[in-house]
K.L.:
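For reference, the structure I am asking about is given below.
Chain letters run A, B, ... following the sequence lines, proteins first, then strands; residues in each count from 1.
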Amino acid sequence: MAKQLQSIRGIHDGLPGEVANWQFIERQFEQVFRQYAFAEVRLPVLEPTELFVRSIGEETDIVSKEMYAFEDQGGDHLCLRPEGTAGAVRAYLQAGLTRSGGQRWYYKGPMFRRERPQKGRLRQFQQIGAEWFGASGPAEDIDMLAMAWQLIQSIQLQHVHMEINSLGCPDCRPAYRDTLQAYLTDKQQHLCETCHQRMHSNPMRVLDCKVQSCQQQLTDAPEMVAHLCEPCTSHFDTLKTGLAALAIPFVVNARIVRGLDYYNRTAFEIITDQLGAQGTVLAGGRYDGLVSELGGPATPAIGFAAGLERLGLLLEASAVSVSSAGVDVAVAALGDATLSYSLQVAQQLRQHGLTVLHCGGGNAKRQFKVADRESARFVAVLGEDEMQAQSLTLKNLASGEQITCDITEAIQHIK
RNA sequence: GUGGUCGUAGUUCAAUGGUAGAGCCCCGGCUUGUGAUGCCGGUUGUUGGGGGUUCGAAUCCCCUCGACCACCCCA
C-alpha cells in the first residue's frame with residue numbers, strides 16, 4: 001500500500017454495498033413522506049455563515065468550533081451547512097411563502113461538522129429531515145412525531161424507542177432556569193468541572209451530564225415539565241394523549257435538552273442502544289421563534305432530522321433484507337463471430353425491462369463464473385448454433401435446467 | 001479539542017528483535033459450449049508514512065496520517 005491519495009478524515013465514500021442500504025431507506029421514507037403530504041426540497045450545501053450564527057447560536061459548539069467556514073475569493077463568509085433547518089427557514093422566507101399556508105417539506109443531503117470521527121459520527125454525514133412551517137398546535141406535533149415513528153417503522157428497525165420532553169417557552173423557561181440554577185448552586189461542590197461551566201452557559205445541559213457522580217446529585221433536580229406554564233402544559237398533555245391514541249410507544253424523558261438554541265416546547269428523540277454513544281437516530285422539536293429570529297413573521301414550526309449513515313448501520317444490525325436489483329440474465333457469447341448477435345439479444349432483453357449483464361465473450365467457463373458471481377438468475381448462451389437458428393440457450397443457474405428457444409419464449413420464461 | 005486501542009497481500013488474520021506467511025478472493029489450466037462443488041498452478045506487500053535505537057526492526061522509541069472506543073457534542 002504505497003503512499004496514495006485518500007479521502008479527508010471523517011469524510012467517507014459511499015460504496016455500492018452501503019448505498020444500497022441508503023437507497024432502501026430513501027425509498028421507504030419517501031413513501032411515508034408522501035402519505036403525510038410532505039414535499040421534497042433541495043437546498044444549498046453552501047450558505048452564508050451568518051445564517052447559522054443567528055439561528056443555531058454563536059455559543060453552541062456547532063457554530064463556535066465545528067463549522068467548515070471560510071472566506072471565498074470575493075470576500076464572502078460562507079460555510080458548509082452543519083444542519084438543515086436554518087437553510088430551510090431561509091429558503092422559506094426567501095421564496096416568500098409566509099402567506100401560502102402551511103409548508104411541509106422534507107430534504108436529504110450532506111451536512112458538515114468538524115468533529116472527532118467515530119462510527120456513526122462523520123464530518124460529512126447525510127441527514128433526512130422534515131420541517132413544517134405554520135404548524136401551530138399540538139395536533140401538528142402529533143402528526144410530526146407519528147410520521148417520524150412511521151419512518152423508523154418503515155425500515156423495520158428493532159431496538160429503538162421514542163423519548164419526548166417539553167422545553168417550555170419564553171414565558172416559563174426563564175423562571176425554571178432560575179429555579180434550576182439555584183438548585184445547582186447548592187450542589188455546586190459535588191458537580192464535575194464541565195458542569196460548573198454549564199451551570200452558567202446552559203444550566204439545562206447539566207441535567208444530561210454523563211458523569212455518574214453528577215447524576216447521583218441530580219436525582220431530585222427540578223424538571224422543566226413540572227414548571228411549564230399553563231399553555232405549555234396543555235400543549236404537552238395533548239401531545240401525549242395524541243401519541244397514546246395512535247399507540248405510539250413513548251416515554252417522557254425530562255432530561256432531554258437541545259444543543260441548538262432555537263427549540264421550544266416539544267423536543268423528541270428516537271434512540272437505539274445499538275450504536276454505542278451515537279445512539280440518537282432521529283431527533284427534532286418545535287422552534288416557534290426561529291422564523292421571526294431570521295427576519296420573518298412570527299411562524300410556529302416543528303422539524304426533525306435523521307442520520308442516514310446511522311440508520312444504515314442499524315439496518316445491518318437488524319439484518320433487514322434490502323432487496324437489491326440483481327442481474328436477471330447474464331449473456332455468454334461463445335466465439336468471436338457471435339459478438340454482434342449477443343449484443344442484439346442483450347439489447348432486446350433489456351428493452352423488455354430485464355437487467356442484463358454481457359459477460360464479454362471469451363471462454364464459456366469464465367463467463368459462467370462471472371454470471372455466478374453476479375448472482376444472475378439465468379445465463380443466455382449464444383454460440384454459432386444459436387445464432388444460425390436465431391435462438392438462445394437459456395440456463396437457470398439455481399436449478400441447472402437448460403432449454404433452447406427463441407427470444408420471445410425466453411423472455412416469458414424469465415419473467 | 002482531550003484520553004485510549006489499533007494499523008502486515010484485494011480481504012480476514014499469523015509471524016519470541018533474526019529469511020514476511022496462511023485462508024478466502026482474483027487470474028490461468030485440467031474441460032478450446034457450462035457456474036455454484038473437485039484437482040493443479042500463478043500474481044500481489046517499500047509491514048500506513050517519516051525518523052531513531054540495534055549487527056539486525058512488522059516487533060522497541062519518537063513524530064505523523066488514518067480507523068475505532070470513551071469524553072465532548074450530536075443525526
K.L.:
Counting only side-chain heavy atoms from C-beta out, which of B:rG66, B:rC72, B:rC73 sits nearest to A:Gln6?
P.N.:
B:rG66
K.L.:
Under 4.0 Å, counting only non-hydrogen atoms across every strand here, what does A:Gly84 touch: a base, just sugar-phosphate, or nothing?
P.N.:
nothing
K.L.:
Checking contacts here: which listed nucleotide (B:rG66, B:rA75, B:rC73) is nearest the side-chain heavy atoms of A:Arg9?
P.N.:
B:rG66
K.L.:
Below 3.5 Å, does any donor atom in the side chain of A:Arg366 face an acceptor in the base of B:rG29, or the other way round?
P.N.:
no
K.L.:
When we call it a touch if two heavy atoms are under 4.0 Å apart, what does A:Glu386 touch: a base, just sugar-phosphate, or nothing?
P.N.:
base
K.L.:
Counting the atoms with a prime plus P, OP1 and OP2 as sugar-phosphate, which does A:Ile56 contact under 4.0 Å by heavy atoms, base, sugar-phosphate, or nothing?
P.N.:
nothing
K.L.:
Partner of B:rG7 by Watson-Crick or G-U wobble geometry, both contacts under 3.5 Å, or none?
P.N.:
B:rC65
K.L.:
Distance check needed: B:rA75 C1' versus A:Arg113 CZ, whole Å only.
P.N.:
7 Å
K.L.:
For a quick test of your reading: what N or O donor-acceptor pairs under 3.5 Å do the side chains of residues 116-130 of chain A make, sequence neighbours left out?
P.N.:
from, atom 1, to, atom 2, distance (Å)
A:Gln118, NE2, A:Gln278, OE1, 3.0
A:Arg121, NH1, A:Arg116, O, 2.2
A:Arg123, NE, A:Glu115, O, 2.7
A:Arg123, NH2, A:Glu115, O, 3.3
A:Gln126, NE2, A:Glu309, OE2, 3.4

K.L.:
Looking at the side chain of A:Arg121, which of B:rC74, B:rA36, B:rC72 is the nearest nucleotide?
P.N.:
B:rC72
K.L.:
Given the P atoms of B:rG50 and B:rU8, what is the spacing between them in whole Å?
P.N.:
15 Å
K.L.:
Considering Watson-Crick and G-U wobble pairs with both distances under 3.5 Å, what does B:rG1 pair with?
P.N.:
B:rC71
K.L.:
Pick base, sugar-phosphate or nothing for A:Gly284, based on heavy-atom distances below 4.0 Å to the nucleic acid.
P.N.:
nothing
K.L.:
What is the nucleic acid contact for A:Gln126, judged by heavy atoms within less than 4.0 Å: base, sugar-phosphate only, or nothing?
P.N.:
nothing
K.L.:
Please confirm whether the shortest side-chain N or O distance from A:His12 to OP1 or OP2 of B:rG66 is below 4.0 Å.
P.N.:
no
K.L.:
Just call it for A:Ala371: base, sugar-phosphate, or nothing, with non-hydrogen atoms closer than 4.0 Å on any strand.
P.N.:
nothing
